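Inspection log for the structure reproduced underneath, given as structure tokens.
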Amino acid sequence: MLRVYNSMTRTKEQFIPTRPGEVSVYSCGPTVYDEPHIGNWRSFVIFDVFRRYLKHKGFKVTFVQNITDIDDKIIKRANETGVHPTTLADKFTAIYLEQARLLGNEPADVHPRATEHVGNIIELIQCLIDKGFAYAAGGDVYFDTSRFQTYGALSGQPIEELEAGARVEIGEMKKSPLDFALWKAKKPGEIYWDSPWGPGRPGWHIECSAMSMKYLGDTIDIHTGGVDLKFPHHENERAQSEAATGKPFVKYWLHVGFLQIGGERMGKSLGNFLTLSQLMKKYDPMAIRFYLISAHYRSPLNYSEELLQSSAAGLKRLQNTVSMLSHAVAAASPGQDAAWEALLREFKSRFYEAMDDDFNTADAIAVLFDIARAANTHSGEMKREMAQETLSLLEELGEVLGLRFLDGKAAAEDAALVEGLLRILLDLREEARKVKDWKTADHIRDALSSLGITIEDTPLGPRYRR
RNA sequence: GGCGACGUAGCCAAGUGGUAAGGCAGAGGACUGCAAAUCCUUUAUUCCCCGGUUCAAAUCCGGGCGUCGCCUCCA
């Protein structure tokens with residue numbers, strides 16, 4: 001029984017999708033004006049874990065993540081660098097998708113782009129105007145927040161408080177500071193689309209409303225984003241969607257906490273950010289993923305080099321166990337163990353209990369380490385089927401979190417060749433060891449070591465790992 | 001000013017009424033030809049502080065201190 005923390009009600013609730021067995025998820029994706037930093041990646045990885053777990057629970061999940069490919073920042077960056085906004089957006093969209101893949105995120109079922117849905121957006125804006133929730137002013141169109149009764153409910157803010165903090169840009173023609181742009185009139189030299197209100201482009205918030213409606217319908221089960229999106233972005237989305245359809249927009253709002261560095265939020269504007277490309281020079285993307293899910297998603301997560309190293313070491317420990325088990329599957333004698341199977345079932349249910357509790361990845365990871373410890377303890381008497389079942393369980397649970405414990409880099413063919421060659425060397429070394437020819441034995445080991453291959457002498461015979 | 005999150009060992013981090021998970025780092029031991037990996041033991045009588053409720057609190061209530069965030073583009 002999955003329970004999730006709903007930001008709207010500020011309580012953990014039992015998760016019951018609108019349609020039994022099916023879950024619709026909308027995740028706010030990147031604005032593609034630059035490479036995401038690892039704070040952004042924290043959210044994107046967590047969204048992927050949500051989705052993976054829902055799938056493993058047996059739900060048919062439809063996962064939509066937008067790509068914001070037109071907005072102020074893109075226009076600004078395009079002007080600065082002298083490239084067309086579309087070229088810039090395409091470049092960083094490709095980088096986003098590639099890095100997501102490296103981190104082990106599955107592609108969304110749909111990655112809709114704002115510029116490909118301008119027609120849907122215009123329709124939605126027109127609908128809001130027709131219903132009296134929006135008004136055109138000087139080529140812009142604004143949402144009239146005073147017409148939407150429960151504005152502020154998601155952020156838990158009284159209207160007066162929000163008003164006090166609101167700001168009006170010069171040149172804006174809002175009736176109230178809280179009103180926000182649905183359509184922005186074209187400025188000289190800017191990219192534009194034609195609309196009933198003149199040439200211009202969509203505001204940021206409206207694209208999510210239009211695209212979630214198109215792909216997931218009027219009411220979606222889960223909407224995710226970073227906590228910073230709660231206000232104003234999600235508040236505004238909610239107002240637009242519910243004003244247009246008269247139906248609830250989202251059943252469960254899930255918000256991911258910040259990645260902090262040096263005691264403050266990692267952010268582009270603060271200049272204290274690190275990108276995935278920077279970290280990948282030193283760390284495996286899997287280690288980075290492991291680090292990003294090492295704390296509960298709603299807690300702040302600290303970044304430091306030391307923490308990343310700590311995560312990398314922890315993942316290595318799990319990988320060593322998987323390596324040991326693979327070896328046992330190949331080399332150990334056949335055999336089952338009822339007590340061991342019972343233990344595995346217990347681990348499995350503990351893992352799922354942790355994930356059922358609002359996706360408690362930190363607790364779930366602890367179970368992985370418990371499995372590793374138990375398997376390592378019994379590595380001496382590990383029988384083939386025991387090893388196989390343990391391996392399968394670790395792979396299954398790793399799959400839920402998007403973690404791979406085996407190095408997937410080497411192609412299958414290469415792997416077979418390397419395996420054969422190493423077998424020969426290991427055999428030679430064993431012969432040398434039998435006659436206590438340590439010089440030869442150590443030479444082989446050292447030479448392989450310099451190629452990054454470690455030999456280990458185990459009760460089941462020698463094995464190697466990279 | 002309004003709203004919210006957080007404060008658990010050297011570092012990170014679970015745990016929301018029943019007597020402190022897990023990881024990293026450190027120390028000691030075992031295993032080993034030497035290693036590597038692994039295992040065992042060890043590191044918080046105590047969970048920011050002070051009161052209160054309770055047979056029982058890290059967990060609930062009140063007060064205080066500290067850190068971070070949102071209220072403006074932002075995962």
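Note that the structure is a prediction, hence the values are computed from the model and not measured. Letters go in sequence order (proteins before strands), and every chain restarts at 1.
- Contacts of A:His233 with the nucleic acid, taken as non-hydrogen atoms under 4.0 Å apart, are absent.
- Looking at heavy-atom distances under 4.0 Å, A:Gly267 makes no contact with the nucleic acid at all.
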Under 3.5 Å, which protein N or O atoms sit close to an N or O of nucleotides 19-23 of chain B? Give each pair with its distance.
residue: B:G23; atom: OP1; partner: A:Arg373; partner atom: NH2; Å: 3.2

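- Using a 4.0 Å heavy-atom cutoff across all strands shown, A:Glu456 reaches at least one base atom of the nucleic acid.
- Within 4.0 Å of A:Thr454, counting heavy atoms only, lie sugar-phosphate atoms of the nucleic acid but no base atom.
- A:Thr377 comes within 4.0 angstrom of the backbone, heavy atoms only, and of no base.
- As judged by a 4.0 angstrom heavy-atom cut-off over every strand, A:Ser299 is placed among residues touching the sugar-phosphate backbone only.
- Of all nucleotides listed (B:A5, B:A75, B:A37), B:A75 comes nearest to the side chain of A:Leu229.
- Taking side-chain N and O atoms only, A:Asn376 has no distance below 4.0 Å to OP1 or OP2 of B:U38.
- Counting any heavy atom pair closer than 4.0 Å across all strands shown, A:Met266 reaches a base atom.
- OP1 and OP2 of B:C6 both lie 4.0 Å or more from every side-chain N or O belonging to A:Arg298.
- When heavy atoms are screened at a 4.0 angstrom cut-off, A:Leu259 is found touching base atoms of the nucleic acid.
- In this pair, A:Phe44 and A:Tyr96 present their aromatic rings perpendicular. The plane angle is above 60°, beyond the 30 to 60° band.
- Checked by atom type and distance alone, the side chain of A:Asn105 never pairs as donor or acceptor with a backbone atom of A:Arg101 at under 3.5 Å.
- Between the base of B:A35 and the side chain of A:Arg445 there is a donor-acceptor pair shorter than 3.5 Å.
- Across all strands, A:Gly257 comes closer than 4.0 Å to base atoms (heavy-atom distances).
- What separates CG of A:Leu308 from P of B:C12 is a distance of 15 Å, to the nearest Å.
- Taking atom CD of A:Glu381 as the reference point, atom C1' of B:U38 lies 13 Å away to the nearest angstrom.
- In this structure, the CG atom of A:Asn66 is 11 Å from the P atom of B:A75, given to the nearest Å.
- For A:Gln157, counting side-chain heavy atoms from C-beta on, the closest listed nucleotide (B:C73, B:C70, B:G2) is B:G2.
- We find that A:Asp457 and A:Arg429 are joined by a salt bridge, their nearest charged nitrogen and carboxylate oxygen being less than 4.0 Å apart.
- With ring centers used as reference points, A:Tyr252 lies 6.0 Å or more from A:His223.
- Comparing B:U38, B:C68, B:A13 by their nearest atom to the side chain of A:Ala295 picks out B:A13.
- The backbone N or O of A:Ala185 lies less than 3.5 Å from a partner atom in the side chain of A:Asp140, making a donor-acceptor pair.
- Taking the side chain of A:Arg10 as heavy atoms from C-beta on, and the options B:C71, B:A14, B:G4, the nearest nucleotide is B:G4.
- You'll find the side chain of A:Leu259 stays beyond 4.5 Å of the side chain of A:Asn40, heavy atoms only.
- Residue A:Arg42 places its side chain closer to B:A75 than to any other of B:C39, B:A75, B:G33.
- Distances from the side chain of A:Arg433 to the nucleotides B:G33, B:A37, B:C11 place B:G33 closest.
- When both distances must be under 3.5 Å, the Watson-Crick or G-U wobble mate of B:U38 is B:A30.
- Across all strands shown, A:Arg77 has no heavy atoms under 4.0 Å from either base or sugar-phosphate atoms.
- With a cut-off of 3.5 Å on both pairing distances, the Watson-Crick or G-U wobble partner of B:C24 is B:G10.
- Base pairing annotation: B:G62 forms a Watson-Crick or G-U wobble pair with B:C50, both donor-acceptor distances under 3.5 Å.
- Looking at which nucleotide of RNA chain B each of A:Asp357 and A:Asp457 is closest to, the 5′-most match is held by A:Asp357.
- When rounded to the nearest whole Å, the span between CG of A:Leu318 and P of B:A37 equals 15 Å.
- A:Phe50 and A:Tyr297 have perpendicular rings, their planes meeting at more than 60° on a 0 to 90° scale where under 30° would count as parallel.
- Among the nucleotides B:A37, B:C73, B:A75, the one closest to any side-chain atom of A:Lys73 is B:C73.
- The distance between the ring centers of A:Tyr215 and A:His117 falls below 6.0 angstrom.
- Spacing between B:U8 and B:U16 at atom C1', rounded to whole Å, works out to 13 Å.
- The residue A:Asn360 sits close only to the backbone: its heavy atoms come under 4.0 Å of sugar-phosphate atoms, none of a base.
- In this structure, B:C70 forms a base pair with B:G2, meeting either the Watson-Crick or the G-U wobble geometry with both donor-acceptor distances under 3.5 Å.
- Here the two rings, on A:His255 and A:His234, have centers that are under 6.0 Å apart.
- Listed nucleotides: B:A36, B:A13, B:A75. Nearest to the side chain of A:Asn302: B:A13.
- Residue A:Leu460 contributes atom CG, which lies 19 Å from atom P of B:A37 at whole-angstrom precision.
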Kindly determine whether A:Tyr33 and A:Phe92 satisfy ring-ring contact (aromatic ring centres under 6.0 Å, His included), including the steps that lead there. CA-CA 6 Å; A:Tyr33 71 107; A:Phe92 286 108; 7.8 Å; no

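- Here the separation of B:C31 from B:C24, taken at their C1' atoms, is 24 Å to the nearest Å.
- Base pairing annotation: B:G18 forms a Watson-Crick or G-U wobble pair with B:C55, both donor-acceptor distances under 3.5 Å.
- Atom CG of A:Asp48 and atom C1' of B:A75 are 15 Å apart (whole Å).
- Taking the P atoms as reference points, B:A27 lies 14 Å from B:A36, given to the whole Å.
- Between A:Asp437 atom CG and B:C34 atom C1' the separation is 14 Å, expressed in whole Å.
- Seen from the ring of A:Tyr142, A:Lys184 does not count as a face-on cation partner, given the 6.0 Å and 45° thresholds.
- Rounded to whole angstrom, the span from the CG atom of A:Leu154 across to the C1' atom of B:C70 amounts to 12 Å.
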